Amino acid sequence: MVGELQRSVGKNIRRIRLSRGISQEALGDVVGLHRTYIGSVERGERNITLQTLEGMAELLGVPPMDLLADAGDTGPTASPVA
């Protein structure tokens, strides 16, 4: 579905940002974006660059791939091979 990854990234950013107690403004300051832009990213309205995703992941203290994961997926992305 078009835009699904965009929405998942936004949900992940918001979930992790809130769990870390970081404001949209503080996150935006670090990556050079306005807090209203961060809000639109979190709502899945904006398509961010990989460079911005890397900066957000660094500030949030997670690997960039964690922001790309399906927002509803709480487990590993692949099952171990028996």
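Just so we're clear, the structure is a prediction, and the values are computed from it rather than from any experiment.
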Engineer: Shortest non-hydrogen contact from A57 to P63?
Structural biologist: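 Smallest interatomic distance, heavy atoms only, reads CB-C, 4.1 Å.
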Engineer: Closest heavy-atom contact between A69 and S8?
Structural biologist: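 Heavy atoms of A69 and S8 come nearest at O-CB, 3.9 Å.
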Engineer: Would you say L53 and L68 make side-chain contact, with heavy atoms under 4.5 Å?
Structural biologist: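 In contact.
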Engineer: Tell me, please, which residues at least two apart from T49 pass side chain to side chain donor-acceptor pair (under 3.5 Å).
Structural biologist: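 In terms of side chain to side chain donor-acceptor pair (under 3.5 Å), with neighbours along the sequence ignored, T49 is linked to T52.
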Engineer: Would you give me the side-chain donor-acceptor pairs under 3.5 Å for residues 32-40, sequence neighbours excluded?
Structural biologist:
| unit_1 | atom_1 | unit_2 | atom_2 | d |
| --- | --- | --- | --- | --- |
| H34 | ND1 | T36 | N | 3.1 |
| H34 | ND1 | T36 | OG1 | 2.9 |
| S40 | OG | Y37 | O | 2.7 |
| S40 | OG | R46 | NE | 3.1 |

Engineer: So among L27, N12, I22, V9, which one has a side-chain contact (heavy atoms from CB on, under 4.5 Å) with M56?
Structural biologist: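 Single side-chain contact (heavy atoms from CB on, under 4.5 Å) partner of M56 among L27, N12, I22, V9: L27.
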Engineer: Is atom CZ of R14 surrounded by more than 12 heavy atoms (other residues, nucleotides or ligands) closer than 6.0 Å?
Structural biologist: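 No.
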Engineer: Checking Q6 against E45: is there a side-chain donor and acceptor pair closer than 3.5 Å?
Structural biologist: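 Side-chain D/A pair, E45 to Q6: absent.
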Engineer: Taking a hydrophobic cluster as the set of Ile, Leu, Val, Met, Phe, Trp and Tyr residues connected by side-chain heavy atoms closer than 4.5 Å, whether directly or through intermediates, do M65 and L5 fall within one such cluster?
Structural biologist: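 The answer is yes; both residues are in one hydrophobic cluster.
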Engineer: Output the distance between atom CG (D66) and atom CG (L60), rounded to the nearest 0.5 Å.
Structural biologist: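 These two atoms lie 10.0 Å from each other.
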Engineer: Do K11 and E42 touch side chain to side chain, with heavy atoms closer than 4.5 Å?
Structural biologist: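 The answer is no, as the side chains (C-beta and beyond) never meet within the 4.5 Å cut-off.
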Engineer: Is a side-chain donor or acceptor of S19 paired with a backbone partner of I16 at a separation under 3.5 angstrom?
Structural biologist: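 Between the backbone of I16 and the side chain of S19 there is a qualifying donor-acceptor contact (under 3.5 Å).
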Engineer: Roughly how far, to the nearest 0.5 Å, is CG of L59 from CZ of R20?
Structural biologist: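 Going from the CZ atom of R20 to the CG atom of L59 covers 9.5 Å.
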Engineer: Are V30 and I13 in one and the same hydrophobic cluster, where Ile, Leu, Val, Met, Phe, Trp and Tyr link if side-chain heavy atoms are under 4.5 Å apart?
Structural biologist: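 Hydrophobic grouping puts V30 with I13.
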Engineer: Check E54 against P64 and note the closest heavy-atom contact, atom names and distance.
Structural biologist: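 Result for this residue pair: CG-CG, 4.3 Å.
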